[in-house]
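Below, read A as the first sequence line, B as the second, and so on, with proteins coming before strands; counting in each chain starts at 1.
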Amino acid sequence: MTPLPKSAEVVVVGGGVIGASISLALAEAGAKPVLLEARAFGGAVTGGSLAAIGTHMHGREEFGILDYARDRWRELSDASQDGIEYTACGKMGFILTDAALAAGKTLVAQEKSQGARAELLMPEQAQQYERLLGGPILAMTYDPDTATVNPFHAVRALMLAARQAGAQLFENTPVARLLVEAGRVVGVETSTGERVSTPHAVLACGPWTTKLAADLDLNLPIEPRQAQCLASIRQPSGTLRQVISSCEAKGGVDSGYTQIQQSPSGQILFNTVTALAPTPKGAEDRVGEVQPGFVVDSVNTLLMLFPALKDLPILRSWVRFEAVTPDARFLAGPVPVPGLHVCAGDNGSGFCRAPLLAQFIADGVTGRQTLPVALQQRAAQLYDPLRFMDGQNV
Amino acid sequence: MPVERLICDVAVVGAGPAGLAASLAAAAAGTEVICVDQFPRAGGQYHMQPNAPDTPFAKTEQVQQGLQAIRACEAADVRFLTGAEVFWAEPPKSSGEHFNLYIQRDGRAIIVEAKTLVAASGAMERPMPFPGWTLPGVIGAGAAQRLLKTSGAACALPFKGKTVLAGTGPFLLAVASTFAKAGQKIDHFVEMQPAAPLKKARAMLRHPLRLPDAVALLRDLSRTGAQRHMGAIITRAIGTSKIETVEIAPLGPDGAPDLRRAVLVEGVGALCIGYGFQPVIDLTTALGASHSYDLALGGWHCTTDALSCATSLPRLYAAGEVTGLGGANPARLSGQLAGLHAAAFCQGKNPERNGTATQLATKLLAFRAFAATLAQLYPMPERFPLPLVGDEVVCRCEDVTLAEIKTAIADGAHENFAVKMWTRAGMGLCQGRNCGAGIAAALAESDIDPITAGYNRSHFPLRPVSTCIATAAFASSSEAKA
Ligand SMILES: Cc1cc2nc3c(=O)[nH]c(=O)nc-3n(C[C@H](O)[C@H](O)[C@H](O)COP(=O)(O)OP(=O)(O)OC[C@H]3O[C@@H](n4cnc5c(N)ncnc54)[C@H](O)[C@@H]3O)c2cc1C
Ligand SMILES: Cc1cc2nc3c(=O)[nH]c(=O)nc-3n(C[C@H](O)[C@H](O)[C@H](O)COP(=O)(O)OP(=O)(O)OC[C@H]3O[C@@H](n4cnc5c(N)ncnc54)[C@H](O)[C@@H]3O)c2cc1C
């Protein structure tokens, strides 16, 4: 295998969808990044993702950001000749209560006012798009422009594109610590003691980001949350057509949030998020197992909406760790250690933001301005990593 | 759906030689034992019980011995759950809690709660891709054996035409012996290893007690009438909608087939082929026990303590092929040891005190040494036995070719898990059971060592399970209630 370089213009730590996207953006900017991934590229939460992309459900404030990100995914899909399986399948949010109906109406109105093609559908209308849909739904929010990508191939395509643009990528290379001199980042050291000197390091380590930051007395408010999913044996294509999810009043992925979709391979993928239980120390480094309660909730929600899937055989489950922040938004940008940038805190929906965050971070590292100013400002305001810090951390 | 809940001291998964021995030892020591197996009858691979009384197998020693072992277990009050598949297992969460085994049987859920667990889940075939391996009529040597043993009075393979038995390992002789007992003809017998009678005789002389078995196996091979091709390999299976012809080539001194001296055998109805076995580690990996790699033991296997058969997980014991290939004798001995220790744990005793355990462990070592000798004589191929072209399918469930796997490896997928993510090889119905060896071979050919390549840890469910059974079982599990 190629040996690690002794120095780099910038080192990206973490090879999930965020780190891979950042490496591509940096490489395209000519910064020749070196990416170091602890295990396999995209093997953490990125490889356990349902990878839906779009604006629906995440609220007004991030609309422009999500819209931009979706365009970039579309471009990547064209560039990769659709190796990433970009599928504009649409998304529906199910509404079961009167309170949720009111929230759904507001959401759709807001999205429409920003140019989305969102609609509110009555059950019979919804069934025309999703023929097996049943259950006690009052209405469905609908956005025809939500897409999904193949999460594995997405990371692979990002990696290959980054490599072609001049990035160097290393898997099975955990970073053990950041090297700091006179208060600024000067390099990173791997678990085998190898060092890469660099003036810029970007931490994109998902929930593990806190570990490397803590060495520099930087307390990032990120909690790991067990995120999990079930997959069935292949079903005939078209069994489900859309991404089906619960319609969250406040947006984002929270306890009770449900997502159901059929992958291009035919498997039905489904999950209902369980309450955020504290993850035991160190547990985020282990591959966990689904909890019985999660299986029961996920199956019950699936069968409530799709009674016809009663005998669906479950083939597989997986558990990963998402990075949760207090306001369900990323921490992205420079932190008060010169040369250090972070980009973590996906809160269960990092795919739909990754290309924007990557451009935002790359601009920050290289000092260029490639993002539209309005988006740049919005991202800086929404994702400011210092927004929770009181003086003591700095 | 009502869920049956059973409680015991020792639960044993697998009713082969290892599981039966473990069950008997634990029951004889005075503990309550439940033994679970997915097959309709106890016996496992070696002691497989025929499903009709009048087959030629009913009287064989393997079946009779198995029947005795099953009866002894029943006499000692072992409760058998057959036709019962363990689809999930949870380790105890604290010292006061138990293992939970989630089982599906006849469309119903059963939960077995056990203080200790013995994993005796055995081994399975290790299919290796070669040109034409996906043609109908190409079957595993083990599958052929199972078909014969369970085909009832007819006792014949359901294929017309010539039969070819091929691959490598002492197990091929065991299959040939099954053919002989069934009165089935074998037309060609193809073994990768050269005849090397002197080398084999010398190795066998170090284990004189095993000599009669070896002689009997060779005699059975003669009885099948097979033409032998030693030091040769099947280079192609050829046919349009099913197998018709096989190509057999001798292997040159460099290990490559000499195609100029290849022969074609036409009119073939069945090619039964086996390149060794691999331990069934889904249960033990899902529980999180440690595993080790040794090609001579079938690759990845559950790591156990030589004396107690304890795994790295407290109260989990493992016995038989899941702890490394060795055959029926080590399976029985390790089963006995595991059963004794599991029972002793429940009773708060130390079985090392009475000496039985130590004696068993010593005997086990001797049998393991014999198994190691055999493994040296018949090394299992770690890489593809033949150079393959790129468009050969390696993962049949998801239709993934060797070329796709090689590209993924070149792109940076340097372990089994990464290859799976980037190609879907191993994500299909078999969850890597059938393509694991092929993926490992592709990684080995790219000079990635097997430890780095790793194995795919199993997760819920171990075997496909319907949403109804899964939720019925989990809803009644103590954790979901709490
Ligand atoms: C079931 C499920 C469904 C989902 N559905 C969606 C969806 O529909 N839409 C959506 O947008 N998102 C979805 N998500 C969330 C999405 O997958 C994540 O938000 C996203 O993958 C986060 O990417 P990441 O790169 O931040 O994290 P990760 O993938 O965790 O990447 C971090 C990487 O850093 C590495 N690392 C950690 N420490 C070190 C170190 N010291 N040195 C080197 N490397 C290190 C890790 O090994 C890891 O590979 C879903 C997630 C799940 C589990
Ligand atoms: C196809 C095949 C044919 C063989 N033929 C011979 C032969 O002819 N002669 C010979 O000497 N050796 C043979 N062997 C080797 C044989 O495995 C050992 O000699 C011996 O059977 C090993 O005993 P065991 O108890 O470890 O495993 P096995 O006999 O394989 O028993 C394991 C049992 O566990 C059960 N099991 C596994 N997982 C689960 C689960 N999740 N739920 C419920 N049940 C489960 C299986 O159904 C099986 O019955 C064969 C092996 C294989 C794979």
Side-chain angles (χ1 to χ4, degrees), chain A residues 1 15 35 37 39-43 46-48 83 150-153 155-157 159-160 163 169-172 228-234 263-268 270 286-300 302-303 306 309-319, chain B residues 87-91 100 102 107 285-288 397-399 407-408 410-424 426-432 447-448 452 454 456-482:
Chain A
M1 253 175 256
L35 181 144
E37 160 57 42
R39 299 186 200 172
F41 298 128
T46 293
N150 176 317
F152 314 114
H153 292 177
V155 169
R156 189 176 176 185
M159 296 277 174
L160 292 181
R163 199 179 274 156
L169 318 168
F170 298 87
E171 34 89 64
N172 276 307
Q228 41 209 347
C229 197
L230 296 165
S232 76
I233 286 177
R234 281 180 181 193
S263 78
S265 72
Q267 295 179 307
I268 308 282
F270 61 107
R286 284 201 309 267
V287 181
E289 299 299 339
V290 292
Q291 302 119 344
F294 162 76
V295 176
V296 173
D297 286 358
S298 300
V299 168
N300 286 346
L302 176 78
L303 298 188
F306 298 100
L309 299 179
K310 173 168 69 66
D311 293 318
L312 192 69
I314 306 176
L315 176 64
R316 178 80 176 188
S317 66
W318 56 88
V319 169
Chain B
F87 67 85
W88 190 231
E90 284 166 354
N100 274 327
Y102 296 90
T285 61
L287 283 166
C397 301
E398 296 288 324
D399 232 353
T407 314
D411 284 354
H414 292 158
E415 54 189 294
N416 200 305
F417 164 67
V419 168
K420 170 170 158 174
M421 283 196 299
W422 283 3
T423 64
R424 292 195 63 81
M427 281 200 196
L429 198 53
C430 85
Q431 288 289 297
D447 288 326
I448 292 166
T452 308
N456 278 325
R457 181 175 163 185
S458 210
H459 297 287
F460 169 80
L462 298 182
R463 312 285 159 85
V465 61
S466 80
T467 48
C468 303
I469 294 181
T471 40
F474 280 150
S476 84
S477 91
S478 41
E479 188 183 308
K481 271 190 213 139

TODO: Work out which heavy atom in Ile448(B) is nearest to a heavy atom in His414(B); give both atom names and the distance.
DONE: CG2-O, 3.5 Å
Task: Within-4.5 Å side-chain heavy-atom neighbours: Asp411(B) and Leu160(A) - done: yes
TODO: Using ring pair (Phe, Tyr, Trp, His ring centres under 6.0 Å) as the criterion, list what pairs up with Phe460(B), not counting sequence neighbours.
DONE: Trp88(B), Phe474(B)
Name the region of [X], side chain, backbone, both or neither, that has any atom closer than 4.5 Å to a heavy atom of chain B.
X	value
Ile233(A)	side chain
Leu230(A)	side chain
Asn172(A)	side chain

Open item on the list: Heavy-atom pairs under 4.5 Å with chain B: which of Gln267(A), Lys310(A), Arg234(A) has the most?
Closed with: Arg234(A)
- [ ] Count the heavy-atom pairs under 4.5 Å between each of Ala472(B), Ala470(B), Pro464(B) and chain A, then report the option with the highest count.
- [x] Pro464(B)
Task: Heavy-atom pairs under 4.5 Å with chain A, option from Gly428(B), Pro461(B), Ala418(B) with the top count - done: Pro461(B)
Task: Backbone of Gly48(A) reached by a side-chain donor or acceptor of Trp318(A) within 3.5 Å - done: yes
Open item on the list: Need one label for Ala413(B): side chain, backbone, both or neither, based on atoms under 4.5 Å from any heavy atom in chain A.
Closed with: neither
- [ ] If a pair satisfies salt bridge (Lys or Arg N to Asp or Glu O under 4.0 Å) and one of its residues is in residues 463-476 of chain B, list it, with sequence neighbours excluded.
- [x] Glu85(B)-Arg463(B), Asp282(B)-Arg463(B)
- [ ] Could you point out which residue of Leu302(A), Val299(A), Asp297(A), Leu303(A) forms a side chain to side chain contact (heavy atoms under 4.5 Å, CB included) with Thr471(B)?
- [x] Val299(A)
